[in-house]
Amino acid sequence: MTFREVRTRFAPSPTGTIHLGSLRTALFAWLWARHCGGKFLLRIEDTDNKRFDPGSVASIVNCLQWLGLDWDEGPDIGGPFGPYTQSERGQIYRDHAEQLITEHKAYCCFCSRERLQQLRESQKARNEQPRYDGACRDLSAEEVATRRAAGESYTVRLRIPSLERITFKDVIRGDITVSTSTLQDPILLKSDGMAVYHLAAVVDDHLMQISHVLRGEEWIATGPYHVMLYEAFGWEFPVWVHLPVILNPDGKGKMSKRNTGKHLMPVNVEDFVAAGFLPDAMFNFLSLLGWTPNATKDMFSRQELIDRFELDQISPSAAKMPYEKLDWMNREYLRSLSPQTFRDVATPFLAQAFNRSETVVARMESLNYVLPELQTRVKTLGEVSDWLPWAFKSAAEIEYEPVEMLIGRKLDSTQSAKVLQTCLELLEEANPFEPEVLKDLFSKEAQALNLKLGSMLGPPRGAISGSKVSPPLFEMMAVLGKNECRERILRAHSVLTSKSVTMA
RNA sequence: GCCCCCAUCGUCUAGAGGACCAGGACUCAAGCCUUUCAAGCUUGCUACAGGGGUUCGAAUCCCCUUGGGGGCACCA
């Protein structure tokens, strides 16, 4: 093979939101291009207008940009081999198909969809491999000419040579051999004149000088068509790299929404974005899904990943999506953020969760007391709000139900009420009203009362947060301020004493 | 049904004939610490799918079985 520049591409079809597996394909192609100092391009494969979804190009672009993948040529920025949208390249495909017809390597097929459908069904009924029977394969040139001239609808099919086997090379798996008994003359051009994927992809990959074709494993079976197409045109093969699919956690089928069980696990890239995964974490995680840089660590910077990436180290076997590992890695990235950055990235999520504007959330400066405490507690940005309902409620909105949340460990309700009373006094002493000061005061008091700090803090924790589990107490108090804390503890105290009376 | 691909701890994986009674990470479990929950620290559990070869020697090479996945459209 002659030396040439490494050029890879990501070629999604705009039929909806982009799947995590597709994003990984894009990432690997990008990684390889960047590793080699080559070019990465974006090409939109919209040859099927029936499945076209207008919003999806923008969505795909957003997802790529979110992950931090940039392209050197593409529909939005152009390039020397444009256009990069296949629906604008119809004539190119038609010309190439015509060339093959002239060279007797392809032919016009006038069979109707109905006939084809029936053929397939009868073959299946007989347990045969469904394939085209070649009815139009040897039509005379005259007949074809007259029928075309008459405006009869037809498709163009590639004439497949009758070999027994065809072999092509995949970087990850080595030689792949397919017997042609399973192959049929594939349609290249649909009756509407638009190319089918096989033709469009091969022609474009050649014209755009793609050196390495990275795509999903589901394309292995049709690999021979592409080989034969390259041969028919007399073009040099690209290097093929078929990436393994990502399976559902239970291993049953390709990672998908309907199969992920009770818990809603993200599948599409937009779902991961919405759940609050960080681009850096996803970049790191996805790079290591099916590839390892042969090291005993798994936290890598983008640059390290680019430097080390190698195609032949990619695993050939399909992996079950390891959601827990993604969670863990995302938390690692989350906790490595500066408090300010963490706050910035969390703000939109809080605004959405509590139905406030981002500006309002951004202005709640006292949140700074508690937000850093959440960096080790949360796996995604979407979970940050789970820890903060108390911060977005007024004292009156806090519900002490069940009332047990106001009872400290190893304390009864009378003692707990008493603790709340004491807290009220400590509140007034705290000056300034800061976590450190509060901690000092409460610790001393706990000692004086001969109580473990942990059990003494139970009642006020419940009173302040309305929950048994919360962020650290003193930080919460500092967020709310003295007056709000006093009000909550007062309320909690009265709830506790009245409930106690009823219980007694 | 036919064709193709794949197969190491529960999971993601390291391993390219001797350096492996199989290494790392996640998960899980226990202990310590502790302001609840986390985090942190320490320790621990668990794997070469099965059967045949090849070889002085196999997780590594070959074959079969089994299991899983993918494909068989005028979709990509």
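Convention: sequence-line order gives letters A, B, ...; per-chain numbering from 1.
Among the nucleotides A14(B), A38(B), G71(B), the one closest to the side chain of Thr292(A) is A14(B).
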Please report, to 0.1 Å, the donor-acceptor pairs under 3.5 Å made by any side chain of residues 9-21 of chain A, with sequence neighbours excluded.
{"residue": "Arg9(A)", "atom": "NH1", "partner": "Asp205(A)", "partner atom": "OD1", "Å": "2.9"}
{"residue": "Arg9(A)", "atom": "NH1", "partner": "Asp205(A)", "partner atom": "OD2", "Å": "2.6"}
{"residue": "Thr17(A)", "atom": "OG1", "partner": "Asn268(A)", "partner atom": "ND2", "Å": "3.2"}
{"residue": "His19(A)", "atom": "ND1", "partner": "Gly21(A)", "partner atom": "N", "Å": "2.9"}
{"residue": "His19(A)", "atom": "NE2", "partner": "Met255(A)", "partner atom": "O", "Å": "2.8"}

Indicate every side-chain donor-acceptor pair of residues 435-451 of chain A with a distance under 3.5 Å to a residue at least two apart or in another chain.
{"residue": "Asp440(A)", "atom": "OD2", "partner": "Lys444(A)", "partner atom": "NZ", "Å": "3.1"}
{"residue": "Ser443(A)", "atom": "OG", "partner": "Lys439(A)", "partner atom": "O", "Å": "2.6"}

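Separation of the C1' atoms belonging to G15(B) and A58(B) is 12 Å when rounded to the nearest angstrom. G31(B) and U55(B) have their C1' atoms separated by 48 Å, given to the nearest Å. The gap from the P atom of G18(B) to that of C3(B) amounts to 36 Å, rounded to the nearest Å. Comparing C28(B) with G10(B), their C1' atoms are spaced 9 Å from each other, to the whole Å. Taking the C1' atoms as reference points, G69(B) lies 24 Å from C62(B), given to the whole Å. For the P atoms, the distance linking G40(B) with C5(B) amounts to 44 Å, nearest Å. As rounded to the nearest Å, A29(B) and C20(B) have C1' atoms that lie 26 Å from one another. Annotation: C6(B) and A49(B) have their C1' atoms spaced 13 Å apart (nearest Å).
Applying the salt bridge (charged side-chain N to carboxylate O under 4.0 Å, His left out) criterion to Glu399(A), with sequence neighbours excluded, gives no partner residue. Residues passing the side-chain contact (heavy atoms from CB on, under 4.5 Å) test with Asp175(A) are Thr167(A), Lys169(A), sequence neighbours excluded. Residues satisfying the side-chain contact (heavy atoms from CB on, under 4.5 Å) test with Ala281(A), not counting sequence neighbours, are Leu278(A), Asn330(A), Tyr333(A). When the salt bridge (charged side-chain N to carboxylate O under 4.0 Å, His left out) test is applied to Asp133(A), the partners found at least two apart in sequence or on another chain are Arg115(A). Residues passing the salt bridge (charged side-chain N to carboxylate O under 4.0 Å, His left out) test with Asp46(A), sequence neighbours excluded: none. Residues passing the side-chain contact (heavy atoms from CB on, under 4.5 Å) test with Glu383(A) are Val378(A), Lys379(A), Thr380(A), Asp386(A), sequence neighbours excluded. Residues satisfying the side-chain hydrogen bond (donor to acceptor under 3.5 Å, both in side chains) test with Tyr132(A), not counting sequence neighbours, are none.
Between Arg377(A) and Glu475(A), none of the side-chain N atoms (NZ, or NE/NH1/NH2) sits under 4.0 Å from a carboxylate O, so this pair counts as no salt bridge. Taking 4.0 Å as the cut-off between side-chain N and carboxylate O, Glu45(A) and Arg43(A) count as a salt-bridged pair.
Rounded to an integer number of Å, the gap from CE of Met265(A) to C1' of U11(B) is 12 Å. Taking atom OH on Tyr225(A) and atom C1' on G71(B), their separation rounds to 10 Å, with Å as the unit. For the pair Met405(A) CE and C37(B) P, the computed distance is 16 Å after rounding to whole Å. When the P atom of C12(B) is taken as reference, atom CG of Leu20(A) falls 15 Å away, rounded to whole Å. If you measure from atom CD of Glu114(A) to atom P of A73(B), you get 16 Å, rounded to the nearest angstrom. Nucleotide A25(B) holds its P atom 19 Å from the CG atom of Asp327(A), rounded to whole Å. One interatomic measurement links the two molecules: NZ of Lys252(A) to C1' of G70(B), which rounds to 15 Å at whole-angstrom precision. In this structure, the CG atom of Asn248(A) is 12 Å from the P atom of C12(B), given to the nearest Å.
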Output one line per pair: protein atom, nucleotide atom from nucleotides 3-9 of chain B, and distance, for all N/O pairs under 3.5 Å.
{"residue": "C5(B)", "atom": "O2'", "partner": "Arg173(A)", "partner atom": "NH1", "Å": "3.2"}

Considering only nitrogen or oxygen atoms on both sides, find all protein atoms under 3.5 Å from nucleotides 74-76 of chain B and state each distance.
{"residue": "C74(B)", "atom": "O2'", "partner": "Arg113(A)", "partner atom": "NH1", "Å": "2.9"}
{"residue": "C74(B)", "atom": "O2", "partner": "Ser191(A)", "partner atom": "N", "Å": "2.7"}
{"residue": "C74(B)", "atom": "O2", "partner": "Ser191(A)", "partner atom": "OG", "Å": "2.7"}
{"residue": "C74(B)", "atom": "N3", "partner": "Ser191(A)", "partner atom": "OG", "Å": "3.0"}
{"residue": "C74(B)", "atom": "N4", "partner": "Cys111(A)", "partner atom": "O", "Å": "3.4"}
{"residue": "C75(B)", "atom": "OP2", "partner": "Lys190(A)", "partner atom": "NZ", "Å": "3.1"}
{"residue": "C75(B)", "atom": "O2'", "partner": "Asp48(A)", "partner atom": "OD2", "Å": "3.0"}
{"residue": "C75(B)", "atom": "O2'", "partner": "Arg51(A)", "partner atom": "NE", "Å": "3.0"}
{"residue": "C75(B)", "atom": "O2'", "partner": "Arg51(A)", "partner atom": "NH2", "Å": "3.1"}
{"residue": "A76(B)", "atom": "OP1", "partner": "Thr47(A)", "partner atom": "OG1", "Å": "2.7"}
{"residue": "A76(B)", "atom": "OP1", "partner": "Lys190(A)", "partner atom": "NZ", "Å": "3.0"}
{"residue": "A76(B)", "atom": "OP2", "partner": "Tyr197(A)", "partner atom": "N", "Å": "3.2"}
{"residue": "A76(B)", "atom": "O4'", "partner": "Arg51(A)", "partner atom": "NH2", "Å": "3.3"}
{"residue": "A76(B)", "atom": "O3'", "partner": "Glu45(A)", "partner atom": "OE1", "Å": "3.4"}
{"residue": "A76(B)", "atom": "O2'", "partner": "Ser13(A)", "partner atom": "OG", "Å": "2.9"}

Write down the protein N/O and nucleotide N/O pairs, taken from nucleotides 27-36 of chain B, whose separation is under 3.5 Å; answer none if there are no such pairs.
{"residue": "U35(B)", "atom": "O2", "partner": "Arg461(A)", "partner atom": "NH2", "Å": "2.8"}
{"residue": "U35(B)", "atom": "O2", "partner": "Leu473(A)", "partner atom": "N", "Å": "3.4"}
{"residue": "U36(B)", "atom": "OP1", "partner": "Arg409(A)", "partner atom": "NH2", "Å": "3.3"}
{"residue": "U36(B)", "atom": "O2'", "partner": "Lys468(A)", "partner atom": "O", "Å": "3.3"}
{"residue": "U36(B)", "atom": "O2", "partner": "Ser470(A)", "partner atom": "N", "Å": "2.8"}
{"residue": "U36(B)", "atom": "O2", "partner": "Ser470(A)", "partner atom": "O", "Å": "3.0"}
{"residue": "U36(B)", "atom": "N3", "partner": "Arg461(A)", "partner atom": "NH2", "Å": "3.4"}
{"residue": "U36(B)", "atom": "N3", "partner": "Ser470(A)", "partner atom": "O", "Å": "2.5"}
{"residue": "U36(B)", "atom": "O4", "partner": "Pro472(A)", "partner atom": "N", "Å": "3.1"}

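Residue-level contact check: Gly223(A) touches neither bases nor backbone, having no heavy atom under 4.0 Å from any strand. Here Arg131(A) lies out of heavy-atom contact (under 4.0 Å) with every strand.
The cationic atom of Arg147(A) (NZ for Lys, CZ for Arg) lies less than 6.0 Å from the six-membered ring centre of Phe110(A) and within 45° of the ring axis.
The pairing partner recorded for G1(B) is C72(B), the criterion being a Watson-Crick or G-U wobble arrangement whose two distances lie under 3.5 angstrom. Across every strand in view, G44(B) sits in a pair with C28(B) that passes the Watson-Crick or G-U test at under 3.5 angstrom. Pair assignment for A22(B): none, as no Watson-Crick or G-U wobble contacts are both less than 3.5 Å.
No donor-acceptor contact under 3.5 angstrom links the side chains of Ser470(A) and Ser467(A), judged on distance only.
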